[in-house]
> 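Provided herewith is a single structure, encoded as structure tokens, for subsequent inquiry.
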Amino acid sequence: MFRYNGNAFDRRFLPRLTTREIEAMAKDEVLIVLPVGAIEQHGPHMPVYTDTLLGEALMAEAFEHLPEDAPIWLMPSISYGKSTEHAEFPGTFTLSAQTLMMVLQDIAASVARSGFKKLLLFNTHGGNADLLGMMSREIRLSTGLVVYRLDPGAVHYSDSFIDDEEKASGIHAGDVETSLVMAVCPDWVHPELALREMPKFPQSASFSFRSKSFAWVMKDISRSGIAGDATKANPERGEAMLKKAGPLLAEALLEIAAFDMGSLKE
């Protein structure tokens with residue numbers, strides 16, 4: 001398994017260093033990457049650890065494509081997220097919005113006290129997205145850190161592997177996530193239990209009335225806990241998606257690390 005192997009964990013996993021080593025680092029250009037996932041239901045066929053697992057796997061792949069001298073260091077994931085929309089399903093272990101906000105605030109304050117200047121919140125759970133966007137600015141204000149947020153979907157690594165229906169409605173435990181977990185931890189998936197359940201999100205001619213236009217919880221849109229077609233998933237496509245995501249995410253990390261906030265003003 002990838003965990004604690006490869007460049008991300010052998011060479012660029014910050015907690016492997018001693019306090020003296022961290023104190024001695026030249027920190028001004030260093031980007032600290034903090035993955036934020038979730039432990040929540042992913043249908044009858046997938047582990048509840050899916051979001052956190054995939055965040056670790058994607059970062060492990062991305063770090064394989066970074067130059068050896070890249071000033072980018074990985075932190076352990078925040079495994080628990082704000083999964084209140086899945087709370088009615090067994091196996092969902094969620095933080096409240098308030099608790100996750102304070103966890104992020106406390107970790108960020110520690111990053112700043114250690115002398116670092118840049119923090120990236122790498123998010124792999126849709127239910128965290130709004131909160132992380134808000135907290136990025138709050139952390140900036142309270143600590144002075146330059147804070148970034150990145151979701152893996154921003155690099156469009158899966159687009160060429162799935163059809164339009166899956167792109168529109170496959171937002172949870174469908175083809176993409178199932179294929180990826182099949183590639184990363186095949187023994188954690190039960191493909192014989194995979195289902196197809198596509199939410200009928202409304203399509204408006206006047207504006208984009210889609211899944212983010214109204215507040216829903218999972219039982220509003222799905223009986224099984226799946227939103228997508230998990231029956232199409234296979235490990236080969238998952239491996240191909242992972243291999244495509246790696247260099248794209250590495251490029252994004254390098255661009256973020258090189259960004260100078262001071263360049264925004266004339």
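All values reported here derive from a predicted model rather than from experimental measurement. Computed from heavy atoms alone, side chains included, the values below leave out hydrogens, waters and symmetry copies.
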> Is the backbone of D51 close enough, under 3.5 Å, to the side chain of T124 for a donor and an acceptor to pair up by distance?
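Confirmed, T124 side chain pairs with D51 backbone.
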> If two hydrophobic side chains count as joined below 4.5 Å and joins carry through other members, does M261 share a cluster with I256?
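Linked, M261 and I256 end up in one cluster.
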> I want to check something: taking the side chain as every heavy atom from C-beta on, are F93 and Y49 in contact at a cut-off of under 4.5 Å?
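A side-chain contact under 4.5 Å is absent here.
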> Any side-chain heavy-atom pair from E239 and V184 closer than 4.5 angstrom?
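Contact flag for E239/V184 side chains = no.
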> Compare all side-chain heavy atoms of M218 with those of F89 and state whether any distance is below 4.5 angstrom.
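Contact flag for M218/F89 side chains = yes.
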> May I ask you to say whether K118 pairs ionically with D28, meaning some side-chain N is under 4.0 Å from a carboxylate O?
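Between D28 and K118 there is no salt bridge, as every charged N stays at least 4.0 Å from the carboxylate O atoms.
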> Will you find, in the side chains of N7 and H65, an N or O donor that is under 3.5 Å from an N or O acceptor?
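Short answer, no.
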> Assess, by modelled atom type and distance only, whether the side chains of T99 and K82 contain a donor and an acceptor separated by less than 3.5 Å.
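Result is no, nothing qualifies.
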> Regarding T92 and Q41, do their side chains bring together a donor and an acceptor under 3.5 Å, going by distance alone?
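No, because no side-chain N or O of T92 sits under 3.5 Å from a partner of the opposite role on Q41.
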> Salt-bridge test for R237 and D175: reply yes if a basic N is under 4.0 Å from a carboxylate O, no otherwise.
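Between D175 and R237 there is a salt bridge, with a charged N closer than 4.0 Å to a carboxylate O.
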> Is E64 salt-bridged to K243, going by a charged N under 4.0 Å from an acidic O?
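No.
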> Does a donor on one side chain and an acceptor on the other come within less than 3.5 Å for E177 and T50?
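Distance-only check fails for E177 and T50.
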> Does L254 reach the side chain of I72, with side-chain heavy atoms less than 4.5 Å apart?
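They are in contact (side-chain heavy atoms under 4.5 Å apart), so the answer is yes.
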> Without hydrogens or angle criteria, can the side chains of H86 and T94 be said to hold a donor-acceptor pair below 3.5 Å?
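No, because no side-chain N or O of H86 sits under 3.5 Å from a partner of the opposite role on T94.
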> If the threshold is 4.0 Å, N to carboxylate O, is there a salt bridge linking R11 and E68?
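Looking at E68 together with R11, the answer is yes, because their closest N to O distance falls below 4.0 Å.
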